[in-house]
Amino acid sequence: MIKFIIKGLLRDKSRSKLQIFIVTIGVFLTVAISGYMKGVTSDMINETARLKSGHVRITTKEFLENEKNLPINFSICNCENLILELKKDFPDFSWTGRTHFRGTILFQDSSGNIKQGPFIGLGLELNSNGGDEIKRLNLYKAIYKGKLPESDNEILLAEEFANRIKVKPGNKLIILTQNNDNIPVSKEYVVAGTVKYGVQAMDNALIILNLQEAAKLLDIENCCTEILGFLNSGFYDNTICENAQINFNKKFHDSNNPQSPFMSKMKDDPEFSFYIEYMENFTGLMATILIMILSVVLWNAGLLSGLRRYNEFGIRLAMGEEKSQIFKTLLLEALVIGIIGSVAGTILGIGFTLILQRYGINITGMMQGGTMIMPDVIRARYTNELLYIGFIPGVIAMFIGNAISGTMIFRRRISSLLKELEI
Amino acid sequence: MNEEIIRLENLSKTFVSGEIKFTALKDINLSFKKSEFTGMVGPSGSGKTTLLNIIGLIDKPTDGKYILFGENSQAFNFRTASAYRKKHIGFIFQTFNLLPVYTVYENVELALLLLKKTESERKDAVMQALELVGLKDLKDKKPPQLSGGESQRVAIARAIVKKPEIVIADEPTANLDAKNAHSIMQTMIRINKELETSFIFATHDEKVMLYLSRIIKLEDGNVSEDIKINS
């Protein structure tokens, strides 16, 4: 009998190939769109990580608690050695130091008058680590006017800030700030170029200079206000970050010493935590909507498939086959079709996601003239949940659709069924 | 030949739909013997199909007794009724109702698959049935490739392949032209004689009546005449 059913299944295209095709397409779309959305939201999270927080961040506890004031006297010292240890202990991450500080700039306006204004300084590894920070911060793309600094006395200004104070590349300005001992220090710099990111944190009164130069200016040599860790996978993973956090703090943090290094992860920041959860919930919501659409489509496909075979079931019942036996074969067929379609759809969806994860979609053309900084390439992201996100609803919806149509058919008395069939 | 296989005693059937009651059969008393070739005739709504459904264990009477092979069918549950249909009763339908994706051979074979016969038993029986209806050469064709007459022959082969004691046929010639109707009736008469299968028809077709050995006339759910014809 199984052979007989398989023959029917293979020969009736609308019962097998069409059904499998519908399930495959539905599952493929669910998996591919979920993977793509996961990638897009990950990219947005990573953008924040790259510009601001890293996936994990090491500061002193004291600095963390007074962060609004950017207290450079609570910087992490002996950064070079610490980074070397971090590279050894946590090879899943790449590490870099950054220094944030505040001050005032003095500049000459077009009339020759000396003016002043507040700024936020950002010291970056511009000359070392093979230009990792330049790539990470997309500095070549962010340069709006001029060029990257080539010597220690060159700096970059946020374009918006430079416009406001009417300073151009080549102009000189004086940075006035306080060093580690709260003693005022000043130094003249040349504006090498301006950068434009389209995000408040990077465009508002920002000055970028070389990390070592910032340390020299602030008298915190071989120190930095923070060390950021970026997962080599490129995607934030809370579990890996949490493990790194536990292990690092166990080894390096002394709770009695507020100046000892302390690692926090991206999700520890309430603002980012909300953002990550919002993104995860949004992705989850979209996936749920997709799954619901998929389920309704497949449910209907299953329902129609069952109802189309009203005639066949009527004949089989009249010939003496039991209702339960027909119902079982109907469900078995639905299960086989659901599994074949779901496996094919999942493989295609994951394949598409992996291709899009590797090669991405280049959106440079679309983003030309835009003010918002986005990655040049939008990528999908493979996660293990793609293995089941389309598969389970693919199988279950098909199964339920067929079960309902089967129940609807078999609830009728056989005589009514045969009458409806004009048998 | 005189062995009684079916007895209906004071059999009635009432359909209820909301507050409306419709009595399709009233106090039917009939007996059918082995290898009879019986036709039930009467206008639409006279109760022919209802009576066939009860005899075929597809429906149950509201009152009275239906004794099949000496057993009171009132005691049959769905499973028992299915088992009786599977083994002892063949059906021929007005619209043939062949399964279009299966070949002629496979359509006929289905009845034996349900009986869990072995492959060689199935092969012998199917070929014998196809030979009886003259369709041996068309065994690999599919129903859409067949004419109406050929399709009804396949339906007959499917009904008789398990060698049932009873074949129930509801308007078997209604969709056929006179030539095909004649040929189909001849085939059924031959099977009736060779296999001693009892045929019970429901029909409007006056031409069919010429072939019957017994005519039961139904009017408004009552048996108005029961005529035995000596051939």
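Chain A is the first sequence line, chain B the second, and so forth, proteins listed ahead of strands; every chain is numbered from 1.
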Note to self: To check you understand the geometry: which heavy-atom pair defines the closest contact between A/Glu321 and B/Ser82, and what is its length?
What the structure shows: O-OG, 4.2 Å

Notebook entry, point to check: What closest approach, in Å, do B/Arg85 and A/Leu317 show between heavy atoms, and which atom pair accounts for it?
Noted result: NH2-O, 3.0 Å

Considering residues, nucleotides and ligands other than [X], do more than 12 of their heavy atoms fall under 6.0 Å from its [atom1]?
| X | atom1 | result |
| --- | --- | --- |
| B/Lys86 | NZ | yes |
| A/Phe21 | CZ | no |
| A/Ile2 | CD1 | no |
| B/Lys117 | NZ | no |

Item checked: A/Arg11 vs B/Thr103 side-chain heavy atoms within contact, under 4.5 Å -> yes

Check: Mind checking whether B/Phe91 and A/Met319 have side chains closer than 4.5 Å, heavy atoms only?
Finding: no

Check: Who pairs with B/Asn180 by side-chain hydrogen bond (donor to acceptor under 3.5 Å, both in side chains), at least two apart in sequence or on another chain?
Finding: B/Asp177

Notebook entry, point to check: Got a sec, which residues hit side chain to side chain contact (heavy atoms under 4.5 Å, CB included) with A/Asp12, two or more places apart in sequence or on another chain?
Noted result: A/Ser14, A/Arg15, A/Arg308, B/Val101

Check: With a 4.5 angstrom heavy-atom cut-off, which part of A/Ile5 approaches chain B: side chain, backbone, both or neither?
Finding: backbone

Notebook entry, point to check: Which one of B/Lys162, B/Glu171, B/Arg79 has the most heavy-atom pairs closer than 4.5 Å to chain A?
Noted result: B/Arg79

Notebook entry, point to check: For chain A, which of B/Leu99, B/Leu114, B/Leu113 has the most heavy-atom pairs under 4.5 Å?
Noted result: B/Leu114

Check: Any donor-acceptor pair under 3.5 Å linking the side chain of B/Tyr102 with the backbone of A/Lys7?
Finding: no

